[in-house]
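Below: the structure, in structure tokens.
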Amino acid sequence: MLAIPENLVAKAESSSSILLTWDEVENAESYNVYRDGDSIANVTNPTYTDKDLEYNTEYCYTGTAVKNDLETNKSGEAWAHKFELPITT
């Protein structure tokens with residue numbers, strides 16, 4: 001039985017991307033990443049960069065661990081808000 005991913009963190013990486021990280025789950029083959037309840041990626045490492053996001057928008061992320069087409073329950077939520085960066089000259 002797989003554990004549910006823990007310690008999901010969402011951190012703004014740039015003006016249009018958010019870096020997600022979480023603890024590795026023993027025996028997991030991959031991880032599903034969800035944004036606002038919708039599946040957006042399947043990755044093999046416990047990290048994902050969500051790109052091309054809208055400015056001034058809040059996003060909610062969760063993740064699951066996968067092995068042999070069996071998926072765990074979703075992790076706790078991680079929230080991130082994308083703000084438009086000021087223009088400097």
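Given the structure is predicted, the values throughout are model-derived calculations rather than measurements. In this chain, residues are counted from 1 in sequence order.
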Indicate whether any N or O donor in one side chain lies under 3.5 Å from an N or O acceptor in the other, for N42 and S30.
yes

Sidechain-backbone polar pair: T62 side chain, E77 backbone, donor-acceptor under 3.5 Å
no

Under 4.5 Å between any side-chain heavy atoms of Y59 and H81, yes or no?
no

For E58, look at atom CD and say whether over 12 heavy atoms of other residues, nucleotides or ligands are found less than 6.0 Å away.
yes

When rounded to the nearest 0.5 angstrom, what distance separates CG in L70 from CE in M1?
11.0 Å

Would a 4.5 Å heavy-atom cut-off, applied to side chains only, mark N73 and T64 as touching?
no

Roughly how far apart are E71 CD and I4 CD1, rounded to 0.5 Å?
11.0 Å

Quick check against the 3.5 Å criterion: does E29 have a side-chain atom that pairs as donor or acceptor with the backbone of N68?
yes

Taking the side chain as everything from C-beta on, heavy atoms only, tell me whether V9 gets closer than 4.5 Å to L20.
no

Could you check whether any side-chain heavy atom of N32 comes within less than 4.5 Å of a side-chain heavy atom of V66, counting everything from C-beta outward?
yes

Linking I/L/V/M/F/W/Y whenever any side-chain heavy atoms sit under 4.5 Å apart, do Y34 and L2 land together?
no

Let me confirm one number: the CG-NZ distance from N27 to K67, rounded to the nearest 0.5 Å.
4.5 Å

Any heavy-atom pair between the side chains of I18 and E13 that's under 4.5 Å?
no

When rounded to the nearest 0.5 Å, the distance separating CD1 of I40 from NZ of K51 is 12.0 Å

Just so I know, are the side chains of Y31 and T44 near enough to count as touching, which here means a heavy-atom distance under 4.5 Å?
no

To the closest 0.5 Å, what do you measure between OG (S17) and CG (D50)?
8.5 Å

Residue pair E6 / V25, side-chain heavy-atom distance below 4.5 Å
no

Are Y61 and W79 near enough that their ring centres are under 6.0 Å apart?
no

D23 side-chain N/O to N7 backbone N/O, donor-acceptor pair under 3.5 Å:
no

If you compare all heavy atoms of S75 against all heavy atoms of P5, which two are closest, and at what distance to 0.1 Å?
CB-O, 3.2 Å

With side chains defined as the heavy atoms from C-beta onward, is the minimum distance between L19 and T47 less than 4.5 Å?
yes

Contact summary for W22 and L8, nearest pair of heavy atoms
CE3-CD1, 3.7 Å

